[in-house]
Protein chains: 2
Amino acid sequence: MPKLADHDERRAQIVAALLRIAASRGLHAASMRTVAAEAGVSVSTVQYYFHTKEQLLLAGLEHQAEGVGRRAAAGMPNDAAGTRDTVHAWLVQFIPVDEEQRAAYTVFAAYHALALTDPALAGLSYTHGSHQLEGVLRDLLTGAQRAGEVAPDREVAAEAGNLLALATGLADSVMANMRPPDAAISLLGYQIDRLFIVASPSRPVAGRP
Amino acid sequence: MPKLADHDERRAQIVAALLRIAASRGLHAASMRTVAAEAGVSVSTVQYYFHTKEQLLLAGLEHQAEGVGRRAAAGMPNDAAGTRDTVHAWLVQFIPVDEEQRAAYTVFAAYHALALTDPALAGLSYTHGSHQLEGVLRDLLTGAQRAGEVAPDREVAAEAGNLLALATGLADSVMANMRPPDAAISLLGYQIDRLFIVASPSRPVAGRP
DNA sequence: GCTTTGCTAGTACGAACGTATTGTACACTC
DNA sequence: GAGTGTACAATACGTTCGTACTAGCAAAGC
């Protein structure tokens with residue numbers, strides 16, 4: 001009966017337009033009209049696929065969270081490079097170095113701020129993705145500890161949580177123009193070197209590497 | 001000639017209303033009308049003291065930044081308690097444990113997100129406060145290293161930057177309902193124990209302390 | 001071939017937004 | 001005591017918001 005329209009594709013197209021606006025002009029600039037214009041459709045079409053604006057925003061957050069989850073699983077580059085470098089490379093993913101990562105951070109920050117006051121967003125468990133991330137890192141560190149790369153008196157659960165929180169905080173500082181991305185990466189490397197026994201005891205940091 | 005009105009007081013009153021709304025209902029809910037109603041004045045009064053909404057928002061951010069700066073300077077509780085505990089207590093300030101700190105974090109997060117896309121906010125150097133914070137912490141660690149409480153091969157600049165970023169990231173995780181505040185405080189303590197030589201090598205962490 | 005149904009566009013409505021304009025009451029100088 | 005300028009209030013204007021409503025168009029079932 002229909003005129004054959006791929007619902008998933010249309011929804012993805014509209015959500016992409018929403019996130020594009022949120023990243024460039026801010027989430028507050030993403031109205032039904034601006035999203036429709038960005039997606040190249042009419043306002044009615046947006047209304048048709050997402051009944052209300054709230055549902056559109058929720059779909060945008062879901063899409064963003066899915067991206068994080070995908071990064072968590074597939075973000076393991078090459079285990080052959082040694083655990084220390086694997087951990088470093090994995091955590092560097094969270095430092096916004098290019099425009100794409102900056103855009104992703106911007107969108108997430110907007111949703112994060114909105115969730116603090118909006119009851120509809122607050123109820124959503126976007127914590128799940130972060131716990132998943134921490135689990136991946138913890139498993140990685142557990143393996144490293146068993147292999148003797150991490151001192152046995154280290155508590156891997158605490159180290160994993162702190163490393164992820166450190167990466168988050170460093171990402172914040174980069175986005176706040178507090179330090180350039182490479183400085184954040186150096187600081188991350190410093191901390192990981194402290195954790196891994198095999199690290200050279202002192203390598204230059206804090207300035208340009 | 002005037003009817004005697006303390007401009008600074010009136011401005012402070014209105015800014016307080018703005019921040020109260022931003023913390024409870026979100027910065028997007030802070031319109032000229034809602035702020036005026038919250039402050040108990042008319043819209044014209046808000047217009048009178050802050051010509052445009054942009055200037056009102058900027059004043060709100062300034063007030064918030066001043067609070068951080070005040071915290072940085074006066075936040076040194078008791079040096080007699082030992083450097084390790086001083087550092088810990090100072091950093092715990094950034095973990096939102098009570099409603100007041102949660103409110104402050106909420107407002108800051110909203111401004112942070114807004115600054116990422118709004119050119120008027122982005123130009124403002126609210127980085128200055130963070131650099132000040134890092135300087136305070138660095139001085140503290142330098143003293144501790146000279147006193148032999150921190151191993152001489154530690155780079156205090158990197159440690160200070162990482163500790164502050166860690167506290168920020170942990171605060172993020174608490175506000176995202178990823179972990180309770182006391183878990184974040186425990187993680188912070190774990191990291192500081194790793195930095196200070198005098199720390200007992202293993203104390204329980206990650207669960208309730 | 002007509003009807004039914006999925007999809008898209010156009011438009012209207014009430015509310016809220018930021019801001020400009022106008023008016024008024026009071027404290028001060030002269 | 002008249003005049004001046006500050007401090008505030010009331011109101012109006014034009015825009016944009018989310019959403020509801022209506023119509024038209026193409027494909028599928030009979």
**Student:** Check A:Arg84 with A:Glu149, please: is the shortest side-chain N to carboxylate O separation under 4.0 Å?
**Tutor:**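 No.
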**Student:** Between atom CE in A:Met32 and atom P in C:dT8, what is the gap in whole Å?
**Tutor:** 16 Å
**Student:** Between P on C:dC17 and NE2 on B:His28, what's the gap in Å once rounded to a whole number?
**Tutor:**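 Distance, rounded to whole Å: 11 Å.
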**Student:** For the CG atom of A:Leu166 and the CG atom of B:Leu187, what is their distance to the nearest 0.5 Å?
**Tutor:**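 Atom-to-atom, A:Leu166:CG and B:Leu187:CG are 12.5 Å apart.
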**Student:** Under 4.0 Å between a side-chain N or O of A:Tyr48 and OP1 or OP2 of C:dA9?
**Tutor:** no
**Student:** Is A:Glu134 salt-bridged to B:Arg179, going by a charged N under 4.0 Å from an acidic O?
**Tutor:**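 Yes, this pair counts.
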**Student:** Considering every strand and a 4.0 Å limit on heavy-atom distances, what is the contact class for B:Thr45: base, sugar-phosphate, or nothing?
**Tutor:** sugar-phosphate
**Student:** Are A:His7 and C:dC7 close enough that a side-chain N or O sits under 4.0 Å from OP1 or OP2?
**Tutor:**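 Looking at the OP1 and OP2 atoms of C:dC7, one of them is under 4.0 Å from a side-chain N or O of A:His7.
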**Student:** For a quick test of reading the model: is some side-chain N or O of A:Ser42 closer than 4.0 Å to OP1 or OP2 of C:dA9?
**Tutor:** yes
**Student:** Classify the ring geometry of A:Phe94 against A:Trp90: parallel below 30°, tilted from 30° to 60°, perpendicular beyond 60°.
**Tutor:**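 Rings of A:Phe94 and A:Trp90: perpendicular, as their planes differ by over 60°.
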**Student:** I need the CD-C1' distance between B:Gln47 and D:dA12, as an integer number of Å.
**Tutor:**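 Those two atoms, CD and C1', are 12 Å apart.
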**Student:** May I have the distance from B:Glu9 (atom CD) to D:dA7 (atom P), rounded to whole angstrom?
**Tutor:**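 Distance check: B:Glu9 CD to D:dA7 P gives 13 Å.
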**Student:** Heavy atoms only: give me the nearest A:Asp172-B:His112 pair and the separation to one decimal.
**Tutor:** O-CE1, 4.1 Å
**Student:** Hey, does B:Ser44 reach any base, or is it just sugar-phosphate, or nothing, if we go heavy atoms under 4.0 Å?
**Tutor:** base
**Student:** NE2 of B:His51 versus P of D:dA7: gap in Å, rounded?
**Tutor:**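 Distance check: B:His51 NE2 to D:dA7 P gives 12 Å.
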**Student:** Nearest whole angstrom, please: distance from the C1' of C:dC17 to the CG of B:Leu57.
**Tutor:**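 It works out to 13 Å between those atoms.
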**Student:** Starting at atom CZ of B:Arg25, determine the distance to atom P of C:dA16, rounded to an integer number of angstrom.
**Tutor:** 12 Å
**Student:** Over how many whole Å does the gap from B:Phe50 atom CZ to C:dT19 atom P extend?
**Tutor:** 13 Å
**Student:** Can you check whether A:Arg33 has a side-chain N or O nearer than 4.0 Å to OP1 or OP2 of D:dT19?
**Tutor:**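 For A:Arg33, the contact criterion (side-chain N or O under 4.0 Å from OP1 or OP2 of D:dT19) is not met.
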**Student:** Please state whether the phosphate of D:dC17, meaning OP1 or OP2, lies under 4.0 angstrom from any side-chain nitrogen or oxygen of A:Ser31.
**Tutor:** yes
